[in-house]
**Q** 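Pasting in a structure now, in structure tokens, and then I'll have a few things to ask.
Quick note on labels: first sequence line is chain A, next is B, and so on, each numbered from 1.
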There are 2 protein chains.
Amino acid sequence: MDAKEKFAGYLKDKDLRQSQPRDIVVDVFLRTERHVTTQELFQLVQKKNPRIGYATVSRTLKLLTEAGLCRTVDFADGAQRFEHEYGHEHHDHLICTRCGAFVEIYSRKLEIIQDELVRQHGYEQISHKLQIFGICPKCLKKHKS
Amino acid sequence: MDAKEKFAGYLKDKDLRQSQPRDIVVDVFLRTERHVTTQELFQLVQKKNPRIGYATVSRTLKLLTEAGLCRTVDFADGAQRFEHEYGHEHHDHLICTRCGAFVEIYSRKLEIIQDELVRQHGYEQISHKLQIFGICPKCLKKHKS
DNA sequence: ACAGATCATGATAATCATTATCATTACTAT
DNA sequence: ATAGTAATGATAATGATTATCATGATCTGT
Ligand SMILES: [Mn+2]
Ligand SMILES: [Mn+2]
Ligand SMILES: [Zn+2]
Ligand SMILES: [Zn+2]
């Protein structure tokens, strides 16, 4: 099942309608691999169809998140960002505080330790977000010269 | 060196002045162990001295952060929160998405793995934030009944 | 002690992201 | 077709954060 089918299934499940504006927003979102803000996605959508409003983009991003196609990430730059979730391995982010460059990181060990911590406290895990902030190699070079 | 001395040292170092409003904000912040928003701290400060404005609270929180007395945490509830940093062991948070209850978590192993990941990518680490979201034991009970 | 110079303050406004409202339009089912 | 319901997009409301600026406080060098 591809991402679009999954979204269609979600809409049907919730008795929501599949509409042209929604299709376009979903399409544009799935076509970019960037970690977009609502504002950024809105601008991309506008290129396809300038009639589509900001509210629809925002609402559709919420639907995408609920449908499990999308998750929010926080780069500490003031706005929520959205990235693909479905069909992508879980990962976290290592972000340069100077230029914003980031890399996606993953460690199986790290995930296991987290699960243990959650269990120890009697919680039931839903999700987690790890952001590591630092200076990227490029910015380190610049600074040293 | 206690927290207030450290802050005084920071002010001196940056050629900033020690003022009565700043002292009060710092004092109130240090006296609460809660993870406060600017708004919440402002309300606490108002009880001590209603003349102090929101802007001063906000600015002082920024200074406290730069001075290493305070760090921001994100509980995904729309506002920045501030907690003590100086004299406190580093920790992350496990947050209940239903009632907001949270516990502070720490794992030496987890920290080491993070350090490794950062090094592997040639970054220089500044800080990190891990938020785990889940359902707390209390909310789990309620839901099952 | 005095006179700039500089900094801090607090009221207010500006900015920005997110969310709510609501009249209009589009779709669905009978 | 018709009535009922959902979706849309323009706009406004909300809330957090940041910027502005006139005023007051503090410092520095004389
Ligand atoms: Mn990513
Ligand atoms: Mn804490
Ligand atoms: Zn960088
Ligand atoms: Zn709970």
**Q** Counting any heavy atom closer than 4.0 Å, what does B:Thr38 reach on the DNA or RNA strands: base, sugar-phosphate only, or nothing?
**A** sugar-phosphate
**Q** Of the options C:dA11, D:dA16, D:dT17, whose atoms approach the side-chain atoms of B:Gln80 most closely?
**A**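 So the nucleotide nearest the side chain must be D:dT17.
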**Q** Heavy atoms from C-beta onward define the side chain here; which of C:dG10, C:dA20, D:dT8 lies closest to that of B:Arg59?
**A** C:dG10
**Q** Just N and O in the side chain of B:Arg17: are any of them under 4.0 Å from OP1 or OP2 of C:dT9?
**A** no
**Q** Atom CD of B:Gln43 to atom P of D:dG15: distance rounded to whole Å?
**A**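 Distance check: B:Gln43 CD to D:dG15 P gives 13 Å.
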**Q** Per the side-chain contact (heavy atoms from CB on, under 4.5 Å) rule, which among B:Val36, B:Leu44, B:Ile52, B:Ile24 passes with B:Val57?
**A**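 Single side-chain contact (heavy atoms from CB on, under 4.5 Å) partner of B:Val57 among B:Val36, B:Leu44, B:Ile52, B:Ile24: B:Ile52.
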**Q** In whole angstroms, how far is the C1' atom of C:dC27 from the CG atom of A:Leu11?
**A**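 After rounding, the gap between these two atoms is 14 Å.
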**Q** What's the CD1-C1' distance between B:Ile52 and C:dA11, to the nearest Å?
**A** 15 Å
**Q** Nearest to the side chain of A:Ser58, heavy atoms from C-beta on, is which of C:dT19, C:dC27, C:dT9?
**A** C:dT19
**Q** Rounding to an integer number of Å, can you tell me how far A:Phe82 CZ sits from C:dA17 P?
**A**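 After rounding, the gap between these two atoms is 12 Å.
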**Q** What nucleotide among C:dG10, D:dG4, D:dG9 has an atom nearest to a side-chain atom of A:Pro21?
**A** D:dG9
**Q** As a test of reading the structure: which of C:dA8, D:dA7, D:dT17 is closest to the side chain of A:Ser19, going by heavy atoms?
**A**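 Given the options C:dA8, D:dA7, D:dT17, the side chain of A:Ser19 is closest to D:dA7.
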**Q** What's the CG-C1' distance between A:Leu63 and D:dT8, to the nearest Å?
**A** 13 Å
**Q** Would you please classify the geometry between the A:Tyr10 ring and the A:Phe7 ring as parallel, tilted or perpendicular, with 30° and 60° separating the classes?
**A** parallel
**Q** Got a donor-acceptor pair under 3.5 Å from the side chain of A:Arg51 to the base of D:dT8?
**A**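 When only heavy-atom distances are counted, A:Arg51 does not reach the base of D:dT8 through any donor-acceptor pair under 3.5 Å.
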**Q** Whole angstroms only, please: what is the OH-P distance between A:Tyr54 and D:dA10?
**A** 14 Å
**Q** Could you go step by step and tell me if A:Glu66 and A:Lys14 meet the side-chain contact (heavy atoms from CB on, under 4.5 Å) rule?
**A** CA-CA 11 Å; A:Glu66 291 161 9; A:Lys14 296 281 177 184; over 6 Å; no
**Q** If you assign each of A:Arg81 and B:Gln18 to its closest nucleotide in DNA chain C, which residue comes earlier from the 5' end?
**A** B:Gln18
**Q** Which value, rounded to the nearest 0.5 Å, describes the distance between A:Lys138 atom NZ and A:Cys96 atom SG?
**A**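 Spacing of NZ (A:Lys138) from SG (A:Cys96) equals 10.5 Å.
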**Q** Whole Å only: how far is the CG atom of A:Leu16 from the P atom of C:dT28?
**A** 12 Å
**Q** Is the distance from OP1 or OP2 of D:dG9 to the nearest side-chain N or O of A:Thr56 less than 4.0 Å?
**A** yes
**Q** Rounded to the nearest Å, what distance is computed from the CZ atom of residue B:Arg22 to the P atom of nucleotide D:dT26?
**A** 12 Å
**Q** Sort out for me which residue in B:Glu83, B:Lys129, B:Arg81 forms a side-chain hydrogen bond (donor to acceptor under 3.5 Å, both in side chains) with B:Thr72.
**A** B:Lys129
